[in-house]
Q: 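Below you'll find the structure I mean.
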Amino acid sequence: MNSTDATPDEIIQFFKEEFAKVPDHIQFMYDVAPTSLQGHYTMWNHLFKDPSEGGSIPKRYKALVAMSIAKAARNKQSALWWTHAAMHWGLKVEELTENVCFNLTGQGLGTFIDIGSECLKYAITLQPTLNIDFDALEPMPKLTSYHHLGEKLVPLDQEIFPVLIENIIDPTNDEEKKIHEYFQRSFNAPMPEFWALLGKESLEMLEGYFLLRKETMKREEEGGFTPKIIKELNAVAIDTLLHNDWGGTAHLRAALVNGATIEQVREIEGLVIMEAGMVAYKMSGVAFVKSAAAYLEKLTLIK
């Protein structure tokens with residue numbers, strides 16, 4: 001069905017067939033603003049394509065990111081809807097758990113209690129009722145990692161991502177050193193000053209944060225469940241909504257070094273537009289897209 005030609009009735013039928021129900025917001029748009037429904041569906045149809053259909057990220061992961069954006073916007077109903085969509089497309093409860101628990105690091109316990117835990121409870125109940133062949137799901141596209149460039153990335157970082165170049169605060173004990181090494185390895189960038197200072201002021205707070213983050217951001221080969229670039233791009237989407245330039249820049253860089261493409265960055269920012277509106281994209285998202293394009297262009301020139 002061509003999204004620009006789809007009638008409101010055809011759109012309603014699509015949601016019935018795809019998800020076994022029509023979500024309340026789609027039904028309401030159908031009832032009161034059918035042209036708006038067509039506009040929403042046109043964006044939807046463009047974004048939610050698997051790689052075999054012309055997309056750059058499997059749609060189950062795009063629904064997962066949309067759920068994160070809804071959580072960051074404190075929209076429980078929308079987060080539950082995206083959980084429903086992601087699970088119908090084959091997202092595993094373990095992947096959702098990583099996402100929800102990572103959210104604790106940036107938005108704290110309140111969002112987990114009000115929204116994240118409810119999404120998890122719903123997913124745990126829903127998954128056994130779905131007939132998902134996990135072996136047949138679309139895999140992530142093959143990625144090109146740039147870790148091998150090592151120190152050659154540093155001049156490029158200073159040019160494209162100067163916000164990551166901060167005052168260096170050295171660790172003074174073994175525990176601080178372990179945490180510094182983790183963050184530097186995770187971001188392939190210096191330990192940020194605000195975290196380093198927290199370690200000086202309250203090492204226990206930094207240790208707790210470190211443990212929260214370490215378990216949820218593992219690579220698959222380290223025992224993680226969700227692809228690393230999905231975790232990083234998910235964080236970029238949240239930071240776009242929150243206008244968190246440092247966090248978005250750090251996670252964007254990590255995503256790109258791990259192999260994310262400009263098409264994937266654009267899809268993630270498209271989800272921001274659809275779920276959170278154009279203002280968030282204008283305020284932060286477009287800058288992240290521009291930075292990603294500039295970084296990737298320069299990467300291809302490094303020998």
Q: Think K21 forms a cation-pi with F15, using NZ or CZ under 6.0 Å from the six-ring centre and within 45 degrees of its axis?
A: no
Q: Please output the side-chain donor-acceptor pairs of residues 199-208 that fall under 3.5 Å, not counting sequence neighbours, one pair per line with the distance.
A:
| residue | atom | partner | partner atom | Å |
| --- | --- | --- | --- | --- |
| K200 | NZ | D170 | O | 2.9 |
| K200 | NZ | T172 | OG1 | 3.3 |
| K200 | NZ | E176 | OE1 | 3.0 |

Q: Taking only residues two or more places apart in sequence, or in another chain, which ones meet A196 in a side chain to side chain contact (heavy atoms under 4.5 Å, CB included)?
A: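 I169, H180, M191.
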Q: Is the shortest side-chain N to carboxylate O distance from E175 to K178 below 4.0 Å?
A: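 Result for this pair is yes, salt bridge flagged.
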Q: Do V65 and I229 sit in one hydrophobic cluster, given that two such residues count as connected whenever their side-chain heavy atoms are within less than 4.5 Å of each other, even indirectly?
A: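 Hydrophobic grouping puts V65 with I229.
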Q: Please output the side-chain donor-acceptor pairs of residues 28-37 that fall under 3.5 Å, not counting sequence neighbours, one pair per line with the distance.
A:
| residue | atom | partner | partner atom | Å |
| --- | --- | --- | --- | --- |
| Y30 | OH | D9 | OD1 | 2.4 |
| D31 | OD1 | Q27 | NE2 | 3.1 |

Q: Could I get the full list of side chain to side chain contact (heavy atoms under 4.5 Å, CB included) partners for A86, not counting sequence neighbours?
A: A63, L91
Q: If Ile, Leu, Val, Met, Phe, Trp and Tyr residues are connected whenever their side-chain heavy atoms lie under 4.5 Å apart, and connections chain through other members, are V154 and V257 in the same group?
A: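 Different hydrophobic clusters.
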Q: Could you tabulate the donor-acceptor pairs under 3.5 Å formed by side-chain atoms of residues 278-292, not counting sequence neighbours?
A:
| residue | atom | partner | partner atom | Å |
| --- | --- | --- | --- | --- |
| S284 | OG | H243 | ND1 | 3.2 |
| S291 | OG | A287 | O | 3.0 |

Q: What pairs of residues pass the salt bridge (charged side-chain N to carboxylate O under 4.0 Å, His left out) test when at least one of them lies in residues 52-69, not counting sequence neighbours?
A: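 Qualifying pairs: E18-K59, K62-E267.
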Q: Let me check something: do L233 and W82 share a hydrophobic cluster, defined by ILVMFWY side-chain heavy atoms less than 4.5 Å apart, either directly or through other members?
A: yes
Q: So that I can tick it off, tell me whether R253 and D157 are bridged by a salt bridge, with the cut-off set at under 4.0 angstrom between side-chain N and carboxylate O.
A: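 Salt bridge flag = yes for R253 with D157.
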Q: Would you call K228-E220 a salt bridge at under 4.0 Å N-O?
A: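 Salt bridge between K228 and E220, a charged N being under 4.0 Å from a carboxylate O: no.
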